[in-house]
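We count ligands from 1, going down the list as the structure has it; atoms in each ligand are counted the same way.
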Amino acid sequence: MLVHEDEPFNAEPTPKVLGRSTLTPINAFYSRNHGPIPTIDHDKWRLVVDGLVDTPLELSLADLKSQFEIHEVVATLQCAGNRRAGFLAVADIPGEDPWQGGAIGTAVWAGARLVDVLAAAGLADDSADLHVDFSAPDVSELATPPQAYGSSIPLSKAMQTEVLLAWRMNGRDLPRVHGAPVRVVAPAYIGARSVKWIDRISVQTTPSDNYFQATAYRILAPSADPDQAGPGDGISLGPWALNSEILTPTDDGSVPAGAVAVTGYAVAPEHRRVVRVEVSADEGATWHDALLDEQPSPWTWVHWRTNLDLDPGNRTLVARAWDDTGTQQPQEAASLWNPKGYGNTAWPTKTIHVDQERGT
Ligand SMILES: Nc1nc2c(c(=O)[nH]1)N[C@H]1C(S)=C(S)[C@@H](COP(=O)(O)O)O[C@H]1N2
Ligand SMILES: [Mo]
């Protein structure tokens, strides 16, 4: 793992490791934290469900596991800061980790559906324009003022069957660093909404007023001073946008001339599919279709691969993904740059050295 920070712990796998499998092993799954990882006594843990519901609940872990049907969802989590490193050539982003393309991973999550828990709490009007607020106990000193982590999703998303209160990951009990005993999994939304160590769910008329919803995880205007940003500034992030990354070869890597294997991943926005990924070795003059691996579920990335016949020399590889609305990624990171460095979905590029073929 490439560790960006020890405290709070922030780390991502290397591209090679991430590219090894469609399902990311737990020990290769990125970890994104805003404060210390809490130690929670699973016997004492309670989940409160309150707000605009008829019958507020207080559930123990045993209650949650016994009163609700367990469901499995194979889903990708991706941090809004994934690929931020690609913004740094445009302009510096102080105070934020320079994530490469590894702030993303795919796991088999299992737990109760959020919609089932809301129904048990007697959610009155599931069609109303409401928000589901998530609270956690980990206190972040990075927030202004320092506060426990929280965020929210619209009720319309919370009602969807893919949104889980998960206590299992890849067939094992959810690890502490990934939110044990229970975390939210909100597929196709920025990772910040998949609140770990959740202890309270509240249905309310407004989005969370937590720092990490109201002030952070927003696209500020390029000219804005992030230190002056306050609640409501910029564009609040929820669903993510079409994105892709080249995993191999790696930047500055050397490969022998001939057939060079190029691999990576692509993710589509919710309710869309990645239908084409192209790779170019001549700055987009010509493109080669990559083969798409099987996608385990509509809520995951797709891995892709192709071989390019490359002569010796320095080459820049470029990739771009298309979804089933005919949309493809923006070309330039400069066109997306924002002061907190969220949502870099520009064409990924890798500069490589193609050596003489062995034996020539
Ligand atoms: N309680 C809590 N939940 C949290 C966070 C956090 O710091 N505290 N980080 C969020 C962010 S920004 C991301 S990208 C994901 C990362 O989940 P992971 O560490 O399991 O990969 O958790 C989200 N949930
Ligand atoms: Mo994140």
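Salt-bridge annotation for R84 and D97: absent, with no side-chain N of the basic residue lying under 4.0 Å from a carboxylate O of the acidic one. Salt-bridge check for E162 with K157: passed, with a basic side-chain N closer than 4.0 Å to an acidic carboxylate O. With respect to the salt-bridge test (charged N to carboxylate O, under 4.0 angstrom), the residues R168 and D173 qualify.
Counting only residues at least two apart or in different chains, side-chain hydrogen bond (donor to acceptor under 3.5 Å, both in side chains) contacts with residues 333-343 comprise E96-K340.
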Going through the checks in order, is the ring-ring contact (aromatic ring centres under 6.0 Å, His included) test met by W109 and F29? CA-CA 13 Å; W109 309 95; F29 207 96; 5.8 Å; yes
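The aromatic ring centroids of W287 and W322 lie 6.0 Å or more from each other.
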Atom pairs and distances, ligand 1 N/O vs protein N/O under 3.5 Å:
{"unit_1": "ligand 1", "atom_1": "1 (N)", "unit_2": "D138", "atom_2": "OD1", "d": "2.8"}
{"unit_1": "ligand 1", "atom_1": "1 (N)", "unit_2": "D138", "atom_2": "OD2", "d": "3.3"}
{"unit_1": "ligand 1", "atom_1": "1 (N)", "unit_2": "K196", "atom_2": "O", "d": "3.1"}
{"unit_1": "ligand 1", "atom_1": "3 (N)", "unit_2": "K196", "atom_2": "N", "d": "2.9"}
{"unit_1": "ligand 1", "atom_1": "7 (O)", "unit_2": "H34", "atom_2": "N", "d": "2.9"}
{"unit_1": "ligand 1", "atom_1": "7 (O)", "unit_2": "H34", "atom_2": "ND1", "d": "2.7"}
{"unit_1": "ligand 1", "atom_1": "8 (N)", "unit_2": "D138", "atom_2": "OD2", "d": "2.7"}
{"unit_1": "ligand 1", "atom_1": "9 (N)", "unit_2": "R32", "atom_2": "O", "d": "3.3"}
{"unit_1": "ligand 1", "atom_1": "17 (O)", "unit_2": "R183", "atom_2": "NH2", "d": "3.1"}
{"unit_1": "ligand 1", "atom_1": "19 (O)", "unit_2": "R32", "atom_2": "N", "d": "2.9"}
{"unit_1": "ligand 1", "atom_1": "19 (O)", "unit_2": "K196", "atom_2": "NZ", "d": "2.6"}
{"unit_1": "ligand 1", "atom_1": "20 (O)", "unit_2": "H178", "atom_2": "ND1", "d": "2.6"}
{"unit_1": "ligand 1", "atom_1": "20 (O)", "unit_2": "R183", "atom_2": "NH1", "d": "2.7"}
{"unit_1": "ligand 1", "atom_1": "21 (O)", "unit_2": "Y30", "atom_2": "O", "d": "2.7"}
{"unit_1": "ligand 1", "atom_1": "22 (O)", "unit_2": "R183", "atom_2": "NH2", "d": "3.4"}
{"unit_1": "ligand 1", "atom_1": "24 (N)", "unit_2": "S194", "atom_2": "O", "d": "3.0"}

